[in-house]
There are 2 protein chains.
Amino acid sequence: MTTMPKKPKLTRETIVEAAIELIESEGLDSLSTRALGNRLGVQAMSLYHHVESKDVLLDLITARLATMIEFGDHTGNWRCELEAVSRSYIDIARRYPRSFPLLAARRFNTPETLPVLERILSIFRRAGLPPAGTAASFRILGYYLNGAGLTEGATIEAERRTDFHLQDSGFLEGFPVSGETVAHLALPNLSGIFEKGLEVILDSIEDEIRLTRVNRPHSV
Amino acid sequence: MTTMPKKPKLTRETIVEAAIELIESEGLDSLSTRALGNRLGVQAMSLYHHVESKDVLLDLITARLATMIEFGDHTGNWRCELEAVSRSYIDIARRYPRSFPLLAARRFNTPETLPVLERILSIFRRAGLPPAGTAASFRILGYYLNGAGLTEGATIEAERRTDFHLQDSGFLEGFPVSGETVAHLALPNLSGIFEKGLEVILDSIEDEIRLTRVNRPHSV
DNA sequence: CCGAATTGCCTTACACCGTAAGGATAATCC
DNA sequence: GGATTATCCTTACGGTGTAAGGCAATTCGG
């Protein structure tokens with residue numbers, strides 16, 4: 001049945017891993033089948049025996065990033081668990097700023113990512129939220145995390161660049177409020193801002209749960 | 001000096017307008033210089049006399065979308081103003097779901113977009129927040145709005161598709177929590193969720209402003 | 001009023017992209 | 001040891017962004 005002729009140089013995993021490395025070092029636009037093959041010591045078309053298309057490759061990258069989400073200890077404290085998931089998620093954006101847009105843009109609806117979705121949604125459900133409340137709170141938190149990840153990633157990218165920095169471009173002339181604000185939008189400030197916004201959203205989820213308990217004390 | 005030989009068929013504005021139409025009808029990936037030229041009855045290279053490169057074109061599209069933000073009446077009520085800006089922003093995502101990712105990914109640091117940034121930041125400042133607080137609140141709200149816009153746009157896109165719908169794909173088998181939640185994540189529910197999250201964030205800004213007033217009652 | 005200059009659009013060309021089709025090689029099984 | 005089959009390669013096609021240069025129409029200087 002499972003004959004295995006010729007020892008393989010390539011696997012799905014090594015391809016995905018190399019693709020992420022390539023994106024991080026050269027940028028998302030520079031991920032081409034030829035460049036990726038080159039990095040793996042292989043011709044472009046060889047990749048197609050392991051991955052059906054570039055679009056599927058992007059899905060696999062998304063899945064690889066999604067499964068990096070760490071859930072921490074299963075404490076039974078939903079707030080700690082959501083905090084852990086959220087920090088783990090933003091950490092992915094910080095470590096893979098150029099790949100993160102894939103994670104933010106694509107849904108968690110592949111077989112590889114659904115288990116992750118399931119675990120996250122379960123935290124909300126165990127916290128006492130009904131399906132509708134779970135959907136709402138999940139979306140709101142997700143909006144925030146994706147936006148934060150994208151912006152932090154873009155900021156990392158922008159501050160790495162040497163060719164253009166808004167601060168000394170002169171563009172800010174005539175925009176005094178922007179001028180006095182940009183310094184506070186720099187990378188070192190963003191983690192504090194992230195934590196602050198995260199607490200705001202978790203507080204609101206806490207309110208929602210309390211409200212649910214009052215109105216439907218015994219249902220789940 | 002400014003001789004004007006030959007009446008032009010093309011202007012920057014018509015090019016940008018056509019590009020947005022093309023993206024919305026065919027998708028972001030289908031925006032090519034040749035396709036765009038074709039839509040304008042012109043060869044691809046003719047565009048380059050008006051726009052330096054495709055990247056600049058994307059910047060112009062971003063600026064065009066950004067300037068669609070409506071600020072409503074200048075009431076002096078910061079909360080109403082931020083609500084108006086936020087709703088106007090998500091409206092852009094809903095009307096231009098396939099172009100919106102450009103707006104979410106690119107910064108407001110071109111000459112065309114800076115006036116918009118300035119007006120938005122001014123709302124926070126006039127509300128009584130110092131520069132650092134302005135930066136934080138602006139970012140948090142921005143994270144939320146960008147995430148919401150992206151997800152709503154992606155949802156619109158996904159529900160338009162006929163080839164794949166998660167609900168009847170069978171993928172959800174074995175993921176009961178996801179299964180009972182997806183229905184609540186459908187497009188009709190998203191506007192309610194958006195409003196809810198928006199109020200949460202505006203409430204937190206209100207708290208922040210109040211706190212600022214207490215600690216530094218007379219400074220701006 | 002006519003040549004010169006300039007602008008707006010076009011033609012051609014190049015390197016790169018994703019990928020369809022089919023070929024060569026080497027490890028395994030019967 | 002011959003057939004099978006998984007892996008990788010070669011070639012080729014139509015698409016991409018865009019650099020270089022050409023040509024025609026309009027306006028200006030004389």
### Summary
note: B/Lys54, atom NZ; D/dT16, atom C1'; distance rounded to Å ~ 8 Å
### Message
Measuring from atom OG1 of A/Thr33 to atom CD1 of A/Ile15, what distance do you get when rounded to the nearest 0.5 angstrom?
### Response
11.0 Å
### Presence of A/Ser46 side-chain N/O under 4.0 Å of D/dT7 phosphate oxygens OP1/OP2
no
### Message
Taking any heavy-atom pair under 4.0 Å as a contact, classify A/Leu57: base, sugar-phosphate, or nothing.
### Response
nothing
### d(CG, A/Leu47; P, D/dC8) in whole Å
9 Å
### Summary
Among D/dT18, D/dC8, C/dC10, the one nearest any side-chain atom of A/Val42 is D/dC8
### Query
Which of these nucleotides, D/dC8, C/dT11, C/dA20, is closest to any side-chain atom of B/Met45?
C/dT11
### Query
Rounded to the Å, how far apart are A/Leu36 CG and D/dC9 P?
13 Å
### Message
Once you apply a heavy-atom cut-off of 4.0 Å, does A/Leu31 come out as touching a base, just sugar-phosphate, or nothing?
### Response
sugar-phosphate
#### Entry: Carboxylate-amine/guanidinium proximity below 4.0 Å for A/Glu83 and A/Arg87
yes
### Query
Is there a side-chain contact between A/Leu141 and A/Leu198 (heavy atoms, below 4.5 Å)?
yes
#### Entry: Residue B/Gln43, side-chain heavy atoms: nucleotide from C/dG8, D/dT16, C/dT11 that is nearest
C/dT11
### Query
In whole angstroms, how far is the C1' atom of C/dA26 from the CG atom of A/Leu10?
16 Å
### Query
Which of these nucleotides, C/dC10, C/dT19, D/dT18, is closest to any side-chain atom of B/Lys9?
C/dC10
### Task
Mind calculating the distance between CG (B/Asn38) and P (C/dC9) to the nearest angstrom?
16 Å
### Message
Between A/Thr11 and B/Ser53, which residue's closest nucleotide on DNA chain D lies nearer the 5′ terminus?
### Response
A/Thr11
#### Entry: Under-4.0 Å salt bridge between A/Glu17 and A/Arg39
no
### Query
Are any of A/His50's side-chain N or O atoms less than 4.0 Å away from OP1 or OP2 of D/dA6?
no
### Query
Contact class for A/Ser32 vs. all strands (heavy atom < 4.0 Å): base, sugar-phosphate, or nothing?
sugar-phosphate
#### Entry: Value in whole Å for how far the P atom of C/dG18 lies from CG of A/Leu28
11 Å
### Query
What about B/Arg34, does its side chain sit under 3.5 Å from the base of D/dG15 through a donor-acceptor pair?
no
### Task
Would you mind telling me which of C/dG18, C/dC9, D/dT7 lies closest to the side-chain atoms of A/His49?
D/dT7
### Message
Side chains of A/Ser99 and A/Glu24: any donor to acceptor distance under 3.5 Å?
### Response
yes
### Task
Give the rounded distance in Å between these two atoms: CG of B/Asp55 and P of D/dT16.
18 Å
### Task
For A/Leu58 and C/dG18, give me the distance from atom CG to atom C1', rounded to whole Å.
12 Å
